[in-house]
Undergrad: 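Pasting a structure here, questions to come.
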Amino acid sequence: MIIEPKMRGFICLTAHPIGCEQNIINQINYVKSKGQIEGSKKVLVIGASTGFGLASRITAAFGSNAATVGVYFEKPPQEGKTASPGWYNTAAFEDQAHKAGLYAKSINGDAFSDEIKQKTIELIKADLGQIDLIIYSLASPVRTNPKTGVTHRSVLKPIGQPFSNKTVDFHTGVVSDITIQPCADDDIENTVAVMGGEDWEMWIDELKSAGVLAPGATTVAYSYIGPELTEAVYRKGTIGKAKDHLEATAFTIADKLKDINGNAFVSVNKALVTQASSAIPVIPLYISLLYKVMKEDNIHEGCIEQIQRLFQQRLFNGSSIPTDEKGRIRIDDWEMRPDVQAKVAELWKQATTESLSEIGDLAGYKTDFLNLFGFDVANVDYNADVNEMVEIPGLV
Ligand code: NAI
Ligand code: NA
């Protein structure tokens, strides 16, 4: 079939398998161009099909020749209906990994469930014995706690008082004022239950008691801080409470891993266009201004550049892992540079529907968004008839 982007609200309902494949090849080539990393050899990535998790899987495999197991929740294709992009990403990744002689298998299902955790453990036991790196990179609006059976939904809201600021509809480029009402009482608890550290800890508990963590095993989860501009809706909002919990959980897990010489970290990453971040109000306007400034300063990075740098210069730099005063790895260092933030804050004041295409990188935002679904990727023939019924070679 001929596949075109079909937008609905903030999501795209279609995905292009060849475009997704080209994105994977580009990311692999980038990692290879940066040289070998003396990293982990057996890696589990939870949330492995898009965004930072996918970039982590690619970096481990093609930077360190690691065997990788990926866990993700993606929609398979049906005749005449495309799969979700993470499906095509994973198919292309595993195809490339297998061609390079690398072990790569994956599990599609709800990572929050006991069932998927057990299935993952069985796969590791059968094929790899033990793993030495676990990347936790889930982004989800909903989680059913397997112990209580309660389904929690996360919200992206300020706490205590309404928040008013500018935002952009990146499809139309219209900048407008929005007011987001504060969350209800149980919204904080629910958002923490979905995006906090409880499930991360459950994963590590299960993996450890099954004996599949190698001596020295390390686990890393991803967090975000960001500027004052977005604080009310992000770091000091409901999602920020979840990130506080995630960051605190790193210490809990680190304690639990001491007896095997293991460790647990949170890495604070840069704001980037992903399916998760596009849904947060105000953030797309911030990202479009940030991209403009960082591209002009030649310090712009996408997911793969961020994660390649995280692995090579932080996690596996041949020496100790540098952290901030709160024990967090910072790979958002360039985003948070005072000169970068000062420029973004100035542009923020000037941002209007009329000025944004000039002072912000709206075009870059749109391209990155389309790229997430395999569209608008260079060297892809979008007029060609393509097979949507792609299989994932390592799917268990
Ligand atoms: P994403 O939406 O690109 O990736 C989410 C991944 O989780 C996908 O692989 C998806 O299949 C998987 N997933 C979601 N629900 C699942 C479930 N129930 N079971 C199994 N897999 C499931 O998101 P992104 O942006 O890469 O986010 C990953 C982490 O990075 C999140 O913790 C996010 O807060 C963090 N982060 C994101 C930033 C951004 O600007 N995008 C900045 C800094 C941190
Ligand atoms: Na991810």
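Just follow the structure's listing: the first ligand is 1, and inside any ligand the first atom is 1.
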Undergrad: Any side-chain donor paired with an acceptor under 3.5 Å for Gln313 and Gln308?
TA: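 No, because no side-chain N or O of Gln313 sits under 3.5 Å from a partner of the opposite role on Gln308.
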Undergrad: Should the proximity of Lys243 to ligand 1, defined as any heavy atom under 4.0 Å, be assigned to the side chain, the backbone, both, or neither?
TA: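 Answer for Lys243: side chain.
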Undergrad: Between Thr50 and ligand 1, which part of the residue brings a heavy atom under 4.0 Å of the ligand: side chain, backbone, both or neither?
TA: both
Undergrad: For Asn317 and Ser319, test the side chains for any donor-to-acceptor distance below 3.5 angstrom and give the result as yes or no.
TA: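 Note: Asn317 and Ser319 side chains miss the donor-acceptor criterion.
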Undergrad: Would Thr274 count as being in polar contact with ligand 1, using the rule that some N or O on each side must be under 3.5 angstrom apart?
TA: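 It does: an N or O of Thr274 is found under 3.5 Å from an N or O of ligand 1.
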Undergrad: What atoms in ligand 1 come closer than 4.0 Å to a heavy atom of Gly51?
TA: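 Those of ligand 1 that fall under 4.0 Å from Gly51 are 3 (O), 26 (O).
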Undergrad: Under the salt bridge (Lys or Arg N to Asp or Glu O under 4.0 Å) criterion, do Asp132 and Lys41 qualify, and how do the steps go?
TA: CA-CA 7 Å; Asp132 49 12; Lys41 293 292 184 197; over 6 Å; no
Undergrad: Purely on distance, is any nitrogen or oxygen of Asn269 under 3.5 Å from one on ligand 1?
TA: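 Looking only at distances, the answer is no, because the N/O contact criterion of under 3.5 Å is not met.
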Undergrad: Determine, for Arg153 against Asp187, whether the closest basic-nitrogen to carboxylate-oxygen distance falls under 4.0 angstrom.
TA: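 Salt bridge: no.
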Undergrad: Looking at Ala271, which atoms of ligand 1 are within less than 4.0 Å of one of its heavy atoms?
TA: 40 (O)
Undergrad: Need the ligand 1 atom indices (1-based, order shown) with element for anything under 4.0 Å from a heavy-atom of Leu272.
TA: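 Listed by number with element, the hits are 39 (C), 40 (O), 41 (N).
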Undergrad: If you count the atoms of ligand 1 from 1 in the order shown, which ones are under 4.0 Å from a heavy atom of Ser137?
TA: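 Those qualifying, in numeric order: 5 (C), 6 (C), 7 (O), 28 (C), 29 (C).
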Undergrad: Under 4.0 Å from a heavy atom of Ala48: which atoms of ligand 1 are those, numbered in the order shown and with their elements?
TA: 9 (O)
Undergrad: Heavy atoms only, cut-off 4.0 Å: how does Cys303 contact ligand 1, side chain, backbone, both, or neither?
TA: neither
Undergrad: Would you say Val71 has any N or O atom under 3.5 Å from an N or O of ligand 1, going by distance alone?
TA: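 There is no such contact.
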Undergrad: Mark up the atoms of ligand 1 that fall under 4.0 Å of a heavy atom belonging to Ser140, in ascending order.
TA: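 Those atoms are 15 (N).
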Undergrad: Any N/O of Gly109 closer than 3.5 Å to an N/O of ligand 1?
TA: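 Yes; the residue has a nitrogen or oxygen that sits under 3.5 Å from a nitrogen or oxygen of the ligand.
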Undergrad: Is it the case that the side chains of Ser49 and Glu74 hold a donor-acceptor pair, with the cut-off being a distance below 3.5 Å and no angle test?
TA: yes
Undergrad: Determine, for Lys326 against Glu247, whether the closest basic-nitrogen to carboxylate-oxygen distance falls under 4.0 angstrom.
TA: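 Answer for the salt bridge query: no.
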Undergrad: Closer than 4.0 Å to some heavy atom of Ser277 - which atoms of ligand 1 meet that?
TA: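 Within the 4.0 Å cut-off of Ser277, ligand 1 contributes 40 (O), 41 (N).
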Undergrad: With sequence neighbours left out, what residues match Glu305 under salt bridge (charged side-chain N to carboxylate O under 4.0 Å, His left out)?
TA: none
Undergrad: Does this structure show an ion pair linking Lys236 with Glu231, if we count only N-O contacts that are shorter than 4.0 Å?
TA: yes
Undergrad: Where's the contact between Ala111 and ligand 1, heavy-atom distance under 4.0 Å: side chain, backbone, both or neither?
TA: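 Both of them.
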Undergrad: If you round to the nearest 0.5 Å, how far is CD1 of Ile287 from OG of Ser278?
TA: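 It comes to 7.0 Å.
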Undergrad: Can Ser223 be said to touch ligand 1, with heavy atoms closer than 4.0 Å?
TA: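 Contact present.
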Undergrad: Decide yes or no for Ser113 and Pro146: does some side-chain heavy atom of the first lie under 4.5 Å from some side-chain heavy atom of the second?
TA: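 Heavy-atom side-chain distance check fails, nothing below 4.5 Å.
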Undergrad: May I ask you to decide whether Asp333 forms a salt bridge with Lys270, counting only side-chain N to carboxylate O separations under 4.0 Å?
TA: no
Undergrad: Look only at interatomic distance and state if Tyr224 has a nitrogen or oxygen under 3.5 Å from any nitrogen or oxygen of ligand 1.
TA: no
Undergrad: What do the steps show when you test Glu206 against Lys147 for salt bridge (Lys or Arg N to Asp or Glu O under 4.0 Å), and what is the final call?
TA: CA-CA 13 Å; Glu206 302 276 344; Lys147 311 298 176 206; 3.6 Å; yes
Undergrad: Any idea which part of Ala221 is under 4.0 Å from ligand 1, heavy-atom wise: side chain, backbone, both or neither?
TA: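 Answer for Ala221: neither.
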Undergrad: Does any N or O atom in Phe73 lie less than 3.5 angstrom from one in ligand 1, N or O only?
TA: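 Between Phe73 and ligand 1 (N or O atoms, distance only) the closest approach is under 3.5 Å.
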Undergrad: Run the numbers for me: atoms of ligand 1, each under 4.0 Å from some heavy atom of Asp110, listed by number.
TA: 17 (C), 18 (N), 19 (N)
